[in-house]
Student: 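Submitted below is the structure of interest, expressed as structure tokens.
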Amino acid sequence: MAELVDAGGVGRQRTNHIEAVDPTTVTDMMEQLQQGYMASVAATAGCTMELISKDKWGVDAQLIRPPRSALDQETMIFAQLKCTTQTVPDPTKEFFSYQFSKRQYFDHMVKIRSYPKAILIVMTVPQQQREWTQVTHDGLWTRRCCYWAYLEGVEAKEGVQKPSVRIPTKNIMDASALGEILDKVDRGESLNG
């Protein structure tokens, strides 16, 4: 389970440390990179990723697995997508910290939902934009990866405007992880564990 870390309201401009191809578009490009990653993971898992064009509920996409038969229903989960250059997760450690830029993003992830459930997906990328991907004859490689966390029920202290949470380093988002998450949703099981 992701845990809350109290980081207070301290923050700084989030892109001033990035070596960008074009500084005016770098945050859009971070979003595009993560959407491409997640669309690829969803396709590999036999799912679709549908972007939500109006961010009113703190979610950016729906990950949907088709029904197994015409009489079954599809399985879906909401995802809030966040991309950052400010951390390099250490796989030898149990967690890394992610700080929300706004309290409302945190609040949308922690609220109790009956269905669909929602997960936070954090992608970490190098500070040098030109290093985000590499192409070889074997394929397109994306530097670093996405991690997921289920935050339902986590609490932050009153007045903390930019809550931080701990993301488990074992929660790498790949096709297998997405399938397991959707299986748990199908069975009505908790996503923590």
Student: When rounded to the nearest 0.5 angstrom, what distance separates CD1 in I121 from CD1 in I167?
Tutor: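 That separation rounds to 10.5 Å.
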
Student: Compare all side-chain heavy atoms of T124 with those of P89 and state whether any distance is below 4.5 angstrom.
Tutor: yes

Student: Working to the nearest 0.5 Å, report the span between SG of C145 and CE of M173.
Tutor: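 Here the interatomic distance stands at 10.5 Å.
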
Student: Considering only distance and modelled atom types, tabulate donor-acceptor pairs under 3.5 Å from the side chains of residues 57-68, sequence neighbours left out.
Tutor:
from	atom 1	to	atom 2	distance (Å)
D60	OD2	L81	N	2.7
R65	NH1	D183	OD1	2.9
R65	NH2	L182	O	3.4
R65	NH2	D183	OD1	3.0
R65	NH2	D186	OD2	2.9

Student: How would you list all residue pairs meeting salt bridge (Lys or Arg N to Asp or Glu O under 4.0 Å) that involve residues 123-140, not counting sequence neighbours?
Tutor: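 Qualifying pairs: E131-R143.
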
Student: Could you go through the side-chain contact (heavy atoms from CB on, under 4.5 Å) check for L178 and C47 one step at a time?
Tutor: CA-CA 9 Å; L178 179 56; C47 302; 4.2 Å; yes

Student: Could you note down all residue pairs passing salt bridge (Lys or Arg N to Asp or Glu O under 4.0 Å) where residues 110-123 supplies at least one of them, sequence neighbours left out?
Tutor: K117-E152

Student: One pair to check against side-chain hydrogen bond (donor to acceptor under 3.5 Å, both in side chains): W141 and T136. What are the steps and the verdict?
Tutor: CA-CA 8 Å; W141 305 96; T136 68; 3.1 Å; yes

Student: At what distance, to the nearest 0.5 angstrom, does OG1 of T84 lie from CD of Q127?
Tutor: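 CD of Q127 is found 9.0 Å from OG1 of T84.
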
Student: Any side-chain to backbone donor/acceptor pair from T48 onto E50? Under 3.5 Å, distance only.
Tutor: no

Student: Given side chains that start at C-beta, do those of I52 and F78 come closer than 4.5 Å, heavy atoms only?
Tutor: yes

Student: Could you tell me whether the side chain of V110 reaches within less than 4.5 Å of the side chain of E155, counting heavy atoms only?
Tutor: no

Student: Within a strict 4.5 Å, meaning less than it, do heavy atoms of the T169 and D90 side chains meet?
Tutor: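 T169 does not reach D90 side chain to side chain.
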
Student: Between M29 and W132, is the side-chain contact (heavy atoms from CB on, under 4.5 Å) condition met? List the steps.
Tutor: CA-CA 10 Å; M29 298 304 102; W132 291 354; 3.9 Å; yes

Student: Tell me if the CD atom of Q104 is crowded by more than 12 foreign heavy atoms within 6.0 Å.
Tutor: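 More than 12 within 6.0 Å, yes.
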
Student: Can you confirm whether the side chains of D28 and T25 place a donor and an acceptor under 3.5 Å from each other?
Tutor: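 No, T25 and D28 have no side-chain donor paired with an acceptor closer than 3.5 Å.
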
Student: Hydrophobic clusters here meaning ILVMFWY residues chained together by side-chain heavy-atom distances under 4.5 Å, can you tell me if W148 and V88 are in one?
Tutor: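 The answer is no; the residues belong to distinct hydrophobic clusters.
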
Student: Given the rule in the side-chain contact (heavy atoms from CB on, under 4.5 Å) test, do L151 and I119 qualify, once you have shown the distances and angles that lead to the verdict?
Tutor: CA-CA 7 Å; L151 302 176; I119 58 174; over 6 Å; no

Student: Check whether Q129 reaches the backbone of V21 with its side chain - one donor and one acceptor, N or O, closer than 3.5 Å.
Tutor: yes

Student: Quick one: OG1 on T75 to NZ on K184, what's the gap to the nearest 0.5 Å?
Tutor: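 Separation between the atoms: 14.5 Å.
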
Student: Within the 4.5 Å heavy-atom criterion, are E94 and P168 side-chain neighbours or not?
Tutor: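 Result no, sub-4.5 Å side-chain heavy-atom pair not found.
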
Student: Check whether I112 and V165 end up in the same hydrophobic cluster, where Ile, Leu, Val, Met, Phe, Trp and Tyr are linked by side-chain heavy atoms less than 4.5 Å apart.
Tutor: no

Student: Quick one: do the S176 and D174 side chains pair a donor with an acceptor below 3.5 Å?
Tutor: no

Student: For the residue pair R103 and G159, what are the closest heavy atoms and their distance?
Tutor: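 The pair with the smallest heavy-atom distance is NH1-N, 4.4 Å.
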
Student: Which hydrophobic side chains are connected to L140, either touching it within the sub-4.5 Å cutoff or through other members that do?
Tutor: V135

Student: Using side-chain heavy atoms (C-beta onward) and a distance below 4.5 Å, is S97 in contact with T87?
Tutor: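 Side chain of S97 against side chain of T87, heavy atoms only: no contact under 4.5 Å found.
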
Student: Residues in ring-ring contact (aromatic ring centres under 6.0 Å, His included) with F96, at least two apart?
Tutor: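 Counting only residues at least two positions away or on another chain, F96 forms a ring-ring contact (aromatic ring centres under 6.0 Å, His included) with Y147.
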
Student: Taking the side chain from Y37 and the backbone from M123, do they hold a donor-acceptor pair closer than 3.5 Å?
Tutor: no

Student: Just wondering, do K170 and F95 contact through their side chains at under 4.5 Å, heavy atoms?
Tutor: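 Answer no - side chains too far apart.
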
Student: Apply salt bridge (charged side-chain N to carboxylate O under 4.0 Å, His left out) to E189 and list each qualifying residue two or more places apart in sequence or on a separate chain.
Tutor: R187

Student: When rounded to the nearest 0.5 angstrom, what is the spacing between NZ in K82 and CG in L120?
Tutor: 8.0 Å

Student: If you apply the rule side-chain contact (heavy atoms from CB on, under 4.5 Å), what do you find for Q35 with M49, and how did you get there?
Tutor: CA-CA 9 Å; Q35 289 171 357; M49 183 181 87; 4.1 Å; yes

Student: From F100 CZ over to H108 NE2, what is the distance, rounded to the nearest 0.5 angstrom?
Tutor: 11.0 Å

Student: Between F106 and V154, is there a side-chain heavy-atom distance shorter than 4.5 Å?
Tutor: yes

